[in-house]
**Student:** 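Can you keep this structure in mind? I'll have questions shortly.
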Amino acid sequence: MEVRDLHPWPDTPEEARAIQDRLRSLLDLDDPGPADPRTIAGLDVSYAGDGDDGAARLAAAVVVLDAASLEVVAESVVTGTAAFPYVPGLFAFRELPALIEALRRLAVEPDLLVCDGYGLAHPRRFGLACHLGVLTGLPSFGIAKTPFVGAYDQPGKARGSTGPLRDGEEVVGRALRTREGVKPVFVSVGHRIGLDAACRIALALTPEFRLPETTRRADRLSRDALAGALPS
DNA sequence: GCGACAG
DNA sequence: ATCTTGTCGC
């Protein structure tokens, strides 16, 4: 699929934060979301054990599922190196180039992107899901395994229960129970979709496990690619 | 100043 | 993210 050219790459955390502040104005937060997405892409990245020197080997994977059957309709994976050190709040810069390349090699254009991480639930309201949404123009949201910013109300124990995730007075996402009796995941919108649609889709993607099938498939694909790539 | 901090 | 044994459960 087509992805717009990457903005100038930041050399410092300060430059990276400036890019986030600039791109944030391009977000569409009014679109309620695709009424009925036919295909949904999951994105995830795995790392090799090269420590934290900022150049760890990685594999970025994208898996596109049919929204109704959850069967794989396309996939793409690329290996490379981390493009930035891990800094909370600048996490996107670590895996963005590899994920963009994997998206470009995808034979189809999905109707929606589901990222492993956050969207608006971010110190500057511009997490990975927002960044990928703006660069691709596609609707996107994030599902994270742990909270990052703000505080959340514990959702009820039943599958489908939610509790608001707030940063101060602002609701930036939702804690969503995808399996009864299991800790919740954290949903936040990225681009061109609302929280209601994002949570509804998140539930459709978790018929059996805590994490969405999109993330689980992409995780497996990226791990396999790392294992198969010859260490350099 | 100190702790917390998506993956 | 990744490093890791055993253990409980379907």
**Student:** Heavy atoms of chain A, cut-off under 4.0 Å: which first and last nucleotide of DNA chain B, 5' to 3', fall inside that, if you could look?
**Tutor:**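 The protein-touched segment is dC5(B) to dG7(B).
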
**Student:** Give one of base, sugar-phosphate or nothing for Leu90(A), where a contact means two heavy atoms less than 4.0 Å apart.
**Tutor:** base

**Student:** Is the shortest side-chain N to carboxylate O distance from Glu75(A) to Arg217(A) below 4.0 Å?
**Tutor:** no

**Student:** Give Gly89(A) one of three labels, base, sugar-phosphate or nothing, depending on what nucleic acid heavy atoms sit under 4.0 Å from its own.
**Tutor:**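 If one applies the 4.0 Å heavy-atom cut-off, Gly89(A) turns out to touch a base.
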
**Student:** Counting the atoms with a prime plus P, OP1 and OP2 as sugar-phosphate, which does Pro123(A) contact under 4.0 Å by heavy atoms, base, sugar-phosphate, or nothing?
**Tutor:** nothing

**Student:** For Leu128(A), report the nucleic acid contact type (base, sugar-phosphate, nothing); a contact means any heavy atom under 4.0 Å.
**Tutor:** base

**Student:** Can a salt bridge be assigned to the pair Asp153(A) and Arg177(A) using a cut-off of 4.0 Å between side-chain N and carboxylate O?
**Tutor:**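 Answer for the salt bridge query: no.
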
**Student:** With a 4.5 Å limit on heavy-atom distance, are the side chains of Val171(A) and Leu165(A) in contact?
**Tutor:**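 No, their side chains stay 4.5 Å or more apart.
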
**Student:** Whole-Å distance between dA1(C) C1' and Leu43(A) CG?
**Tutor:** 16 Å

**Student:** Is the terminal nitrogen or CZ of Arg216(A) (NZ for Lys, CZ for Arg) located under 6.0 angstrom from the six-membered ring centre of Phe209(A) and within 45° of that ring's axis?
**Tutor:** yes

**Student:** Would you call the rings of Phe93(A) and Phe84(A) parallel, tilted or perpendicular if under 30° counts as parallel and over 60° as perpendicular?
**Tutor:** tilted

**Student:** Parallel, tilted or perpendicular: which one describes the rings of Tyr152(A) and Phe186(A), with boundaries at 30° and 60°?
**Tutor:**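 Judged by the thresholds at 30° and 60°, the geometry between Tyr152(A) and Phe186(A) is perpendicular.
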
**Student:** Can you tell me how far P of dA1(C) sits from CZ of Arg57(A), to the nearest Å?
**Tutor:** 17 Å

**Student:** For Tyr47(A), answer base if it contacts any base atom (sugar-phosphate contacts may also be present), sugar-phosphate if it contacts only those atoms, and nothing otherwise; contact means non-hydrogen atoms under 4.0 Å.
**Tutor:**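 Tyr47(A): backbone/sugar contact only, no base atoms under 4.0 Å.
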
